[in-house]
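First the structure, in the form of structure tokens, and then the observations on it.
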Amino acid sequence: MPYWLLKSEPHEYSLADLQRDRTSLWEGVRNYQARNYLQAMQKGDFAFFYHSSTQALGIAGLARVQHTNLVDSSQFEPSSPYFDPKSTKENPRWWTVELEFVQAFPRVIALDTLREHFSSEELILLRRGNRLSVMPVEEAVAKRILRLK
DNA sequence: GCCAACGTTGGC
DNA sequence: GCCAACGTTGGC
């Protein structure tokens with residue numbers, strides 16, 4: 001079962017927001033590599049929910065992929081910050097998945113803690129200059145992350 | 001707010 | 001298809 005890591009700025013959308021909403025569409029990914037990973041997601045996959053651009057940097061909890069390969073409708077919406085004028089309904093560029101809340105960890109697994117336990121080879125998140133908002137996590141690494149919670 | 005890293009754009 | 005300019009990301 002593949003695992004993923006998703007980055008979100010909690011002041012935009014936090015794990016607590018997902019807990020409140022129960023499910024959410026993961027809209028607004030506008031990077032082709034991240035999009036390709038989104039398209040590779042399968043129903044039932046787990047996703048670590050990482051909080052970026054905040055004081056408590058780290059993995060806040062777990063979500064699960066509930067629906068896959070959905071068209072990201074925000075690309076067609078001129079008033080949306082995610083509007084893409086080059087995208088058409090006949091040939092959409094951007095896709096999304098629906099996530100389901102699974103759990104909030106008792107404590108956020110801090111970025112520093114992740115650095116202590118994993119190499120940048122093991123965790124794409126830790127790679128220098130990494131800006132991907134969607135990335136795969138090897139199952140063995142995922143199991144070790146879960147033990148840190 | 002700084003700035004390194006890196007993706008995208010567009011002129012040529 | 002090259003590459004300079006520019007914009008964005010995200011930790012610090």
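Reminder, nothing fancy here: chain letters follow the sequence lines and each chain counts from 1. Just so it is clear, the structure is predicted and the values come from calculations on it, not from any experiment.
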Margin query: Given E77(A), which partner from the list S73(A), S79(A), S74(A) fulfils the side-chain hydrogen bond (donor to acceptor under 3.5 Å, both in side chains) test?
Written below: S79(A)
Next item on the list: Verify, without hydrogens or angle tests, whether Q75(A) (side chain) and S87(A) (backbone) share a donor-acceptor contact under 3.5 angstrom.
Entry: no
Output the rounded distance in Å from [atom1] ([X]) to [atom2] ([N]).
| X | N | atom1 | atom2 | value |
| --- | --- | --- | --- | --- |
| E12(A) | dT8(C) | CD | P | 14 Å |
| L125(A) | dT9(C) | CG | P | 16 Å |
| Q33(A) | dT8(C) | CD | C1' | 16 Å |
| K7(A) | dG11(C) | NZ | C1' | 10 Å |

Next item on the list: Flag the pair D84(A) and R30(A) as a salt bridge only when some basic side-chain nitrogen lies within less than 4.0 angstrom of an acidic carboxylate oxygen.
Entry: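 Salt bridge: no.
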Margin query: Categorize R30(A) for me: base, sugar-phosphate, or nothing, with a 4.0 angstrom heavy-atom threshold over every strand shown.
Written below: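 No contact at all - R30(A) keeps every heavy atom at 4.0 Å or more from the nucleic acid.
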Go through [options] for me and flag the one nearest to the [X] side chain.
| X | options | value |
| --- | --- | --- |
| L57(A) | dG7(B), dT8(B), dC12(C) | dC12(C) |
| R131(A) | dC12(C), dT8(B), dG7(C) | dG7(C) |
| K86(A) | dG7(B), dG11(C), dG10(B) | dG10(B) |

Identify every side-chain donor-acceptor pair in residues 4-13 of chain A under 3.5 Å, counting partners at least two apart or on other chains, and give the distances.
from   : atom 1 : to      : atom 2 : distance (Å)
W4(A)  : NE1    : D45(A)  : OD2    : 2.9
K7(A)  : NZ     : L132(A) : O      : 3.1
S8(A)  : OG     : Y13(A)  : O      : 2.5
E9(A)  : OE1    : H11(A)  : NE2    : 2.9
Y13(A) : OH     : D17(A)  : O      : 3.4
Y13(A) : OH     : D21(A)  : OD2    : 2.6

